[in-house]
Amino acid sequence: MRKVASLAVLLLAMVILLSGCATRDWVRDLLGKKEVEIGERVDKVSGRVDEQGVQVKTLEGSLGDVRGRSDAALAKADGAFAKADGAFAKADGVDSRLSRLWGNRHKRKVADSMDVYFGFDQAELSDGTQTALLGLVKELQSNPGTTVELGGFTDPKGSRDYNYQLSQRRVEAVRRFLIEQGVEITRILSVGLGPLADRGVPDEKKRRVTVRLMVDQD
């Protein structure tokens, strides 16, 4: 009986020992598999993180380009506003000078005058007219204190509104020529006065711009 009991105890001990070894091996295998799975998951997550990092860098680069373009656009806009401000300031200066010139027009006297004639329904300067105006330009350049007044007229044929427009076009033709020759815009006063109704003046003499050279009264 003792032998049987001892044998049973020995068998039980061997079973427990063998069972313990099997359990440790199983645990080791399980842990190994889990480590592999965890490693694969970590690798996948790392890959995704790397991809996200590349996307973030790409996005940052795109944002940098956008910022650069925005800064360039803002700088360009600032330059445009500065030019506009300069143009407005210059225009205000011209308006101020013209206002002073118009206000002092009665304090000046006629030093010389000439008539520039046009064809029927025409507002272009002929070669002869341009030559005559060049003499006026030289006189203006030689006398900085002089100014010029332009008054445009038409014959009475046609509607009154159209004739006012035509007289203004004729004035602008003379004014533009003087400016192109170097006469300052602030030294020129011009106005289209429409049709002349004077029956004593032939129609071909009514199609004109009267040019008057003005100087300060003594």
Side-chain angles (χ1 to χ4, degrees), residues 79-218:
F81 282 125
K83 290 181 180 179
D85 290 339
F88 281 127
K90 187 175 181 180
D92 290 340
V94 170
D95 288 342
S96 178
R97 293 175 186 174
L98 288 175
S99 296
R100 289 199 306 271
L101 188 60
W102 180 254
N104 293 331
R105 67 189 185 280
H106 299 302
K107 299 178 182 179
R108 304 173 72 82
K109 65 180 181 180
V110 180
D112 196 4
S113 67
M114 62 179 292
D115 290 321
V116 175
Y117 295 103
F118 295 83
F120 177 73
D121 199 28
Q122 298 295 314
E124 293 79 25
L125 299 178
S126 65
D127 292 340
T129 297
Q130 293 183 27
T131 300
L133 287 173
L134 285 175
L136 178 67
V137 170
K138 291 180 180 179
E139 194 164 352
L140 286 167
Q141 292 174 342
S142 300
N143 300 280
T146 58
T147 59
V148 62
E149 292 183 358
L150 308 176
F153 302 94
T154 70
D155 61 43
K157 296 177 182 177
S159 69
R160 192 172 187 84
D161 289 341
Y162 179 79
N163 283 329
Y164 271 107
Q165 295 175 12
L166 179 58
S167 67
Q168 187 61 41
R169 284 163 48 203
R170 289 171 174 171
V171 163
E172 285 301 318
V174 177
R175 179 174 175 268
R176 184 167 54 250
F177 178 82
L178 295 178
I179 292 172
E180 289 174 352
Q181 302 306 313
V183 179
E184 296 88 345
I185 189 174
T186 54
R187 298 175 65 188
I188 305 172
L189 285 176
S190 60
V191 60
L193 297 172
L196 277 174
D198 190 350
R199 296 181 179 179
V201 179
D203 284 351
E204 60 270 17
K205 297 294 183 180
K206 296 176 182 177
R207 307 166 192 150
R208 71 174 192 259
V209 170
T210 297
V211 183
R212 300 194 302 175
L213 192 64
M214 309 297 292
V215 296
D216 290 333
Q217 294 185 10
D218 297 334

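- Note that CG of Leu196 is 11.5 Å distant from CZ of Arg207, once rounded to the nearest 0.5 Å.
- Side-chain contact between Arg175 and Ile185 is present, with at least one heavy-atom pair separated by less than 4.5 Å.
- Put simply, the side chain of Asn143 does not reach to within 4.5 Å of the side chain of Val215, judged on heavy atoms.
- Atom CG of Leu178 sits about 5.0 Å away from atom CD1 of Ile188, to the nearest 0.5 Å.
- With rounding to the nearest 0.5 angstrom, the CD atom of Glu124 is 7.0 Å from the CZ atom of Arg169.
- Inter-residue side-chain proximity for Tyr117 and Lys205 is flagged as met; some heavy-atom pair is nearer than 4.5 Å.
- A side chain to side chain contact (heavy atoms under 4.5 Å, CB included) with Leu136 holds for exactly one of Val174, Leu213, Thr146; it is Leu213.
- To the nearest 0.5 Å, atoms CZ (Arg212) and CG (Asp112) are separated by 12.0 Å.
- Using a distance-only test at 3.5 Å, with no hydrogens or angles considered, no donor-acceptor pair links the side chain of Asp155 to the main chain of Glu204.
- Across every non-hydrogen atom of Leu125 and Ala173, the tightest pair is CD1-O, 3.6 Å.
- A 4.5 Å side-chain heavy-atom check between Thr147 and Leu189 finds every atom pair outside the cut-off.
- In this structure a side-chain-to-backbone donor-acceptor pair under 3.5 Å is present from Lys206 to Asp198.
- The line from CZ of Arg187 to CE of Met214 is 13.5 Å long, rounded to the nearest 0.5 Å.
- Distance alone, capped at 3.5 Å, places no donor-acceptor pair between the Arg160 side chain and the Pro195 backbone.
- Considering only heavy atoms from C-beta on, Tyr162 stays 4.5 Å or farther from Thr154 through its side chain.
- The shortest distance between side-chain heavy atoms of Arg170 and Leu150 does not fall below 4.5 Å.
- Ser167 places none of its side-chain heavy atoms less than 4.5 Å from the side chain of Val191.
- Under the 3.5 Å distance criterion, with hydrogens and angles disregarded, a donor-acceptor pair is assigned to the side chains of Thr210 and Arg208.
- The structure places NZ of Lys138 at 10.5 Å from CD of Gln181, a figure rounded to the nearest 0.5 Å.
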